[in-house]
Amino acid sequence: MNDGLPPLRDVIATHDLSARKSLGQNFLLDLNLTQKIARRAGELSECDVLEIGPGPGGLTRALLMEGARKVLAIERDPRFLPALAEIAEAYPGRLQVLEGDALATDPLPHLSAPVRIAANLPYNVGTELLIRWLTPDIWPPFWSSLTLMFQKEVAERIVAEPGSKAYGRLALLAQWRTTPKLAFELPPQTFTPPPKVTSAVVHFEPLQEPRFPAERKKLERVVAAAFGQRRKMLRAALKGVFKDTVGALEAADIPPTARAEEIGLEAFCRLSRQL
Ligand code: SAM
């Protein structure tokens with residue numbers, strides 16, 4: 001692909017953008033790859049795209065080339081701003097960059113619906129943002145899709161089924177109100193510098209209604225307690241959550257001797273309704 005802008009390696013050399021480990025900086029410099037991620041995000045031409053952590057702009061350029069109506073990019077490291085300004089110049093009126101911590105920046109005043117979110121983020125920031133995007137009080141949320149890079153191990157936790165080691169809070173939160181799909185994996189050497197682990201892109205689309213009725217806070221409370229002590233039987237792990245834990249489990253049709261990882265989403269929703 002060619003957008004007339006210099007190759008990312010040259011951008012990094014010109015602006016002296018060495019990667020900082022403390023900010024989880026592992027760059028994707030192959031524009032064919034970033035274009036693959038942008039395509040997985042879906043049809044972009046009628047959408048604003050929120051990108052977190054654009055860095056030198058590989059994914060940003062792909063999102064713009066794929067026709068995003070507008071990209072709003074939030075970047076914490078000011079060293080990238082001059083390189084991002086060059087991209088903004090090549091796409092007049094279509095790239096807005098906010099300098100700041102995505103965890104402390106409200107993007108909504110700068111976005112018009114429909115909004116898609118795409119990001120290649122450091123692991124801890126990515127998981128925290130994902131949980132925020134999955135748990136707003138009002139549903140459907142402000143976004144119409146999320147296309148996010150995670151460590152493969154986290155991606156597996158998001159799409160995990162009951163009975164597997166990876167199954168837990170992240171799977172239940174994600175699968176209650178969205179359809180998360182593992183899109184593809186990226187080996188360490190596709191990044192500069194290469195991280196220690198394989199990464200994977202996960203694509204989420206929100207359901208109009210949660211899959212099963214439940215109050216979000218109650219569901220989160222039950223799930224957190226159940227998986228907080230995942231090796232214990234539920235009648236022990238949930239002590240303190242219900243006045244009559246065994247009664248609540250039986251009313252929800254769950255054996256009190258079962259363990260959290262054996263219980264599916266529908267049963268957890270039933271149990272949360274006993275609170
Ligand atoms: N998107 C670029 C790419 O794919 O090459 C960069 C990816 S790099 C893994 C993560 C980027 O997120 C870095 O540019 C880093 O500075 C930025 N970042 C880290 N923490 C952030 C935060 N809390 N808010 C916004 N950006 C952050």
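Start at 1 and go down the list; that is how both ligands and their atoms are numbered. Quick caveat: nothing in here was measured; it's all calculated off a predicted structure.
At a 4.0 Å heavy-atom cut-off, ligand 1 does not touch Ala119 at all. Counting heavy atoms under 4.0 Å from ligand 1, residue Phe80 touches it through the side chain alone. With a 4.0 Å heavy-atom cut-off, ligand 1 is reached by no atom of Leu59. Of the heavy atoms in Glu51, only side-chain atoms (C-beta onward) come closer than 4.0 Å to ligand 1.
The shortest N or O to N or O distance between Phe27 and ligand 1 is not below 3.5 Å. The shortest N or O to N or O distance between Asp77 and ligand 1 is not under 3.5 Å. Of the N or O atoms in Asn26, none lie within a sub-3.5 Å distance of an N or O in ligand 1. Below 3.5 Å of separation, one finds no N or O of Leu23 facing any N or O of ligand 1. When only interatomic distances are considered, the shortest N/O to N/O separation between Pro122 and ligand 1 does not fall below 3.5 Å.
Side-chain atoms of Tyr167 come within 3.5 Å of backbone N or O of Ile263 as a donor-acceptor pair.
Residue-ligand proximity: Gly58 is placed with every non-hydrogen atom at 4.0 Å or more from ligand 1.
Between Phe227 and Phe268, the ring-plane angle classifies as tilted under the 30° and 60° cut-offs.
For atom 23 (N) of ligand 1, the closest non-hydrogen atom of the protein is Asp101 OD1, 2.8 Å.
Taking only non-hydrogen atoms, the option from Gln25, Arg76, Arg20 nearest to atom 27 (C) of ligand 1 is Arg76.
For Arg169, the side chain to side chain contact (heavy atoms under 4.5 Å, CB included) partners two or more places apart in sequence, or in a different chain, are Ile131, Leu173, Glu220, Val223.
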